Amino acid sequence: MLTGLNHLTLAVADIARSLAFYQQLPGMRLRARWDKGAYLSCGELWLCLSLDDEVTEKRDYTHYAFSLTAEDFPKVVKQLETLGAVVWKENKSEGESFYFLDPDGHRLELHVGGLAQRLTACREKPYAGMVFFD
């Protein structure tokens with residue numbers, strides 16, 4: 001039985017540049033680094049940065065969301081804006097979200113709230129064809 005997300009590996013074009021970016025995100029902790037990669041943690045998340053010559057920009061909705069509190073949300077968004085983070089999407093769903101790119105074009109999100117809050121909002125205003133199982 002699967003129990004949750006084990007780790008997230010991101011292919012990056014420049015380890016030093018990506019590591020500098022991720023280390024500036026509040027809550028990220030560098031755990032190990034080597035010539036072609038780095039391990040960081042953020043709460044229970046294990047994040048691997050892996051050097052890859054084939055990094056390409058994607059144009060789909062695949063993205064990785066990091067949790068934070070409502071109180072920290074404006075501060076962290078301001079920090080990312082100061083760093084020049086590129087916004088790739090405007091938030092249109094329940095909960096505070098800030099969608100931004102890392103230096104290699106990985107689509108990231110800061111999100112306040114969890115699945116329970118999202119389902120509550122969806123029960124009030126369901127997506128087309130939505131069915132609930134609980």
Side-chain angles (χ1 to χ4, degrees):
M1 173 172 32
L2 301 178
T3 59
L5 181 65
N6 181 276
H7 69 277
L8 172 62
T9 297
L10 298 178
V12 301
D14 181 325
I15 290 293
R17 179 185 69 176
S18 294
L19 191 52
F21 175 83
Y22 281 95
Q23 283 187 281
Q24 291 182 61
L25 294 177
M28 283 287 181
R29 180 177 169 213
L30 180 61
R31 305 303 298 267
R33 180 184 178 174
W34 61 99
D35 290 347
K36 295 186 175 189
Y39 290 142
L40 298 99
S41 61
C42 180
E44 294 297 314
L45 173 67
W46 163 21
L47 176 65
C48 174
L49 304 178
S50 180
L51 187 62
D52 189 333
D53 294 332
E54 301 297 321
V55 173
T56 59
E57 188 174 331
K58 294 187 176 200
R59 293 285 178 200
D60 60 25
Y61 188 60
T62 300
H63 67 280
Y64 312 97
F66 297 99
S67 296
L68 72 169
T69 65
E71 296 78 32
D72 287 338
F73 183 81
K75 293 180 283 190
V76 177
V77 168
K78 178 73 172 162
Q79 180 180 357
L80 286 167
E81 290 172 340
T82 300
L83 293 170
V86 175
V87 173
W88 65 271
K89 181 183 185 322
E90 294 299 321
N91 185 32
K92 295 180 182 168
S93 59
E94 176 276 330
E96 291 286 340
S97 287
F98 180 72
Y99 297 90
F100 62 104
L101 300 176
D102 80 354
D104 290 288
H106 293 111
R107 293 174 179 222
L108 306 174
E109 174 188 0
L110 298 178
H111 183 75
V112 176
L115 179 58
Q117 291 164 307
R118 177 59 55 88
L119 290 173
T120 297
C122 286
R123 279 184 170 78
E124 294 173 12
K125 198 172 186 182
Y127 306 144
M130 189 170 223
V131 178
F132 298 93
F133 301 94
D134 55 340

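From a predicted model like this one, the values you see are computed outputs, not experimental measurements.
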Interatomic distance, CE@Met28 vs SG@Cys42, rounded to 0.5 Å, equals 4.5 Å
Leu8 meets the side-chain contact (heavy atoms from CB on, under 4.5 Å) criterion, sequence neighbours left out, with Leu10, Leu45, Leu47, Tyr64
Got a sec, which residues hit side-chain contact (heavy atoms from CB on, under 4.5 Å) with Arg31, two or more places apart in sequence or on another chain? Arg29, Tyr39, Ser41
Can any side-chain N or O of Trp88 pair as donor or acceptor with the backbone N or O of Gly105 at less than 3.5 Å? no
Please name the pair of heavy atoms, one in Asp104 and one in Ser18, separated by the smallest distance, quoted to 0.1 Å. OD2-OG, 2.8 Å
Considering residues at least two apart in sequence or located in another chain, which fulfil the side-chain hydrogen bond (donor to acceptor under 3.5 Å, both in side chains) criterion with Lys89? none
Please name the pair of heavy atoms, one in Asp102 and one in Tyr22, separated by the smallest distance, quoted to 0.1 Å. OD2-OH, 2.7 Å
Does Leu30 belong to the same Ile/Leu/Val/Met/Phe/Trp/Tyr cluster as Val12, with side-chain heavy atoms less than 4.5 Å apart forming each link? yes
Set of residues satisfying side-chain contact (heavy atoms from CB on, under 4.5 Å) with respect to Lys78, sequence neighbours excluded: Glu81, Thr82
Kindly compute the distance separating OG1 (Thr62) from CZ (Arg107), expressed to the nearest 0.5 Å. 8.5 Å
With rounding to the nearest 0.5 angstrom, report the CG to CG distance, Leu40 to Leu19. 6.0 Å
So do the side chains of Lys36 and Trp34 get within less than 4.5 Å of each other, counting heavy atoms only? yes
For residues 110-128, which side-chain N or O atoms pair as donor and acceptor with protein atoms under 3.5 Å away, sequence neighbours left out?
from	atom 1	to	atom 2	distance (Å)
His111	ND1	Ser97	OG	2.7
His111	ND1	Glu109	OE2	3.2
Gln117	OE1	Gly114	N	2.8
Arg118	NE	Glu94	OE1	3.3
Arg118	NH2	Ser93	OG	3.3
Arg118	NH2	Glu94	O	3.0
Thr120	OG1	Ala116	O	3.0
Arg123	NH2	Asp134	OD1	2.6
Arg123	NH2	Asp134	OD2	2.5

Ring geometry between Phe100 and Phe21 (parallel below 30°, tilted from 30 to 60°, perpendicular above 60°): tilted
Could you pull out the closest heavy-atom pair between Ser50 and Ile15, with the gap in Å? C-CD1, 4.2 Å
Rounded to the nearest 0.5 Å, what separates atom CG in Leu80 from atom NZ in Lys75? 13.5 Å
Once side-chain contact (heavy atoms from CB on, under 4.5 Å) is applied, do any residues pair with Val86, and if so which ones, sequence neighbours excluded? Leu101
At their closest point, which heavy atom of Ala13 faces which heavy atom of Leu51, and how far apart are they? O-CD1, 3.4 Å
Sidechain-backbone polar pair: Asp72 side chain, Val76 backbone, donor-acceptor under 3.5 Å: no
Tell me, with the steps shown, if Glu96 and Phe98 meet side chain to side chain contact (heavy atoms under 4.5 Å, CB included). CA-CA 7 Å; Glu96 291 286 340; Phe98 180 72; over 6 Å; no
Give a yes or no answer on whether the side chain of Gln79 reaches the backbone of Gln24 with a donor-acceptor pair at less than 3.5 Å. yes
Between the CG atom in Leu108 and the CG atom in Leu25, the distance rounded to the nearest 0.5 Å is 7.5 Å
In Å, rounded to the nearest 0.5 Å, how long is the span from CG of Leu68 to CZ of Phe73? 6.5 Å
